[in-house]
Chemist: 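Let me begin by handing over the structure; questions about it come next.
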Amino acid sequence: MDRYVVKRPSGEAGGGGKRPRPEAPASGQPLWQEIRAEGLSCDYRLLFSKAEADEIFQQLEEEVEYFEGEMTKLHVFGKWHNIPRRQVTYGDPELTYTYSGVTFSPKPWIPVLNHIRDRVTLDTGHTFNFVLINRYKDGGDHIGEHRDDERELVPRSPIASVSFGACRDFVFRHCDSRGKNATRHIEPIKLQLAHGSLLLMKYPTNVYWYHSLPTRKRVLAPRINLTFRKVMTVVKK
DNA sequence: TCTGAGGCAACTCT
DNA sequence: AAGAGTTGCCTCAG
């Protein structure tokens with residue numbers, strides 16, 4: 001079966017992370033790993049050294065303030081559910097973002113988020129004005145299969161997904177191969193998103209592929225994921 | 001015990 | 001204005 005499993009380069013495991021990662025690692029491991037399939041185009045790399053990632057993770061835990069109350073619940077198919085994770089959005093003022101029929105205003109940027117965003121921009125050449133943060137407290141927290149609603153994003157702009165904390169499995173599934181009425185057999189693509197990693201999801205991935213973060217009971221530690229986006233600033237009537 | 005697949009739930013937006 | 005799209009939970013089988 002086709003599986004696309006991304007692992008950390010061995011040179012990074014447990015290393016002190018004192019020196020900046022060379023552009024052409026001695027291991028021969030390419031800096032970026034290209035993940036390609038029909039209608040899917042993603043690039044994966046480790047963005048931060050372990051020391052940097054540890055520091056950022058700690059800062060995120062101290063400084064990010066998650067939504068509370070009503071905003072932690074979701075109304076779908078006539079039922080209210082608690083979202084099985086914590087969420088919050090940060091971004092440029094005056095932007096809005098609609099999720100399940102509710103329009104949110106992002107919180108203003110804080111230094112640790114600026115730092116991550118600027119590093120992503122430096123590495124990818126893409127700018128971002130908005131970030132959705134999801135915190136999965138352990139392997140029981142998850143997100144079901146979905147596509148990101150791209151109607152509010154700048155057309156064809158990529159989404160940059162940066163992960164800190166516990167390494168979690170991440171699954172892409174093609175829209176034509178989902179469920180009982182699937183019209184085609186296309187293997188899901190399974191990745192592991194490591195501490196300090198960046199997954200750049202490029203057009204048209206989100207058009208054809210759903211993604212999810214399945215439960216993993218053996219994972220006991222939290223993971224924080226940030227998805228940087230470029231939201232359109234059009235005025236809605 | 002864990003994982004993944006399937007079935008189920010009602011309403012909004014286009 | 002009909003239809004497409006939809007998140008999470010539960011059950012069940014391997």
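Each chain gets a letter, A, B and so on, in the order the sequences are listed, and its residues count up from 1.
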Chemist: Whole angstrom is fine here: how far is it from CD in A:E150 over to P in C:dT6?
Modeler: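 In whole Å, C:dT6 P and A:E150 CD are 12 Å from each other.
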Chemist: What do you reckon, is CD of A:E62 surrounded by more than 12 foreign heavy atoms closer than 6.0 Å?
Modeler: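 It does: A:E62 CD has more than 12 such atoms within range.
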Chemist: Using the ring of each side chain (for Trp, its six-membered ring), is A:F170 parallel, tilted or perpendicular to A:F172, with breaks at 30° and 60°?
Modeler: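 Aromatic pair A:F170/A:F172 classed perpendicular.
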Chemist: Take atom CG of A:D148 and atom P of C:dT7, then tell me their distance rounded to the nearest Å.
Modeler: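 So the two atoms are 10 Å apart, to the nearest Å.
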Chemist: Ignoring hydrogens and angles, write down the donor-acceptor pairs under 3.5 Å from the side chains of residues 196-203 of chain A, residues two or more places apart or on other chains.
Modeler:
unit_1: A:S197; atom_1: OG; unit_2: A:A194; atom_2: N; d: 3.3
unit_1: A:S197; atom_1: OG; unit_2: A:A194; atom_2: O; d: 2.7
unit_1: A:K202; atom_1: NZ; unit_2: A:D43; atom_2: OD2; d: 2.8

Chemist: For A:S163 and A:R223, run side chain to side chain donor-acceptor pair (under 3.5 Å): C-alpha distance rounded to whole Å, both residues' side-chain angles, the deciding distance at 0.1 Å, then the answer.
Modeler: CA-CA 7 Å; A:S163 299; A:R223 166 177 184 259; 2.7 Å; yes
Chemist: Using heavy atoms to find the nearest nucleotide of DNA chain C for A:H142 and A:F77 separately, return the residue whose nucleotide is more 5′.
Modeler: A:F77
Chemist: Examine C:dT6: is either OP1 or OP2 under 4.0 Å from a nitrogen or oxygen in the side chain of A:Y210? Give yes or no.
Modeler: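 It does, given that an N or O in the side chain of A:Y210 lies less than 4.0 Å from OP1 or OP2 of C:dT6.
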Chemist: Find the distance A:R168:CZ to B:dT3:P and express it as a whole number of Å.
Modeler: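 The answer, rounded to whole Å, is 10 Å.
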Chemist: Specify the closest pair of heavy atoms between A:P106 and A:F130, including all atoms of both residues, with the distance to one decimal.
Modeler: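 Distance-wise, the nearest heavy atoms are CB-CE1, 3.9 Å.
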Chemist: Of A:R151 and A:G78, whose closest DNA chain B nucleotide lies nearer the 5' terminus?
Modeler: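 Nearest-nucleotide comparison on DNA chain B picks A:G78.
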Chemist: Once you round it to whole Å, what is the distance between P of C:dG8 and CG of A:L213?
Modeler: 12 Å
Chemist: Please tabulate, one pair per line, each protein N/O and nucleotide N/O from nucleotides 4-8 of chain B that are separated by under 3.5 Å, including the distance.
Modeler:
unit_1: B:dG4; atom_1: OP1; unit_2: A:R216; atom_2: NH2; d: 3.3
unit_1: B:dG4; atom_1: OP2; unit_2: A:R216; atom_2: NH1; d: 2.9
unit_1: B:dG4; atom_1: OP2; unit_2: A:R216; atom_2: NH2; d: 3.4
unit_1: B:dA5; atom_1: OP1; unit_2: A:R173; atom_2: NH2; d: 2.8

Chemist: What is the separation between atom CZ on A:F170 and atom P on B:dT3, rounded to the nearest whole Å?
Modeler: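 Distance check: A:F170 CZ to B:dT3 P gives 18 Å.
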Chemist: Nearest-Å distance, CZ (A:R147) to C1' (C:dG5)?
Modeler: 9 Å
Chemist: Would you mind reading off the distance between A:K217 atom NZ and B:dT3 atom P, rounded to a whole angstrom?
Modeler: 8 Å
Chemist: Just the rounded figure in Å: distance from P of C:dG5 to OH of A:Y208.
Modeler: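 Roughly 13 Å, once rounded to whole Å.
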Chemist: Please check the phosphate of C:dG8 (OP1 and OP2 only) for any side-chain N or O of A:R85 closer than 4.0 Å.
Modeler: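 Checking C:dG8 against A:R85, a side-chain N or O does come within under 4.0 Å of OP1 or OP2.
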Chemist: Would the distance check show the side chain of A:H75 and the main-chain N or O of A:W80 forming a donor-acceptor pair, the cut-off being under 3.5 Å?
Modeler: no
Chemist: Using 30° and 60° as the class boundaries, would you call the ring planes of A:H174 and A:Y208 parallel, tilted or perpendicular?
Modeler: parallel
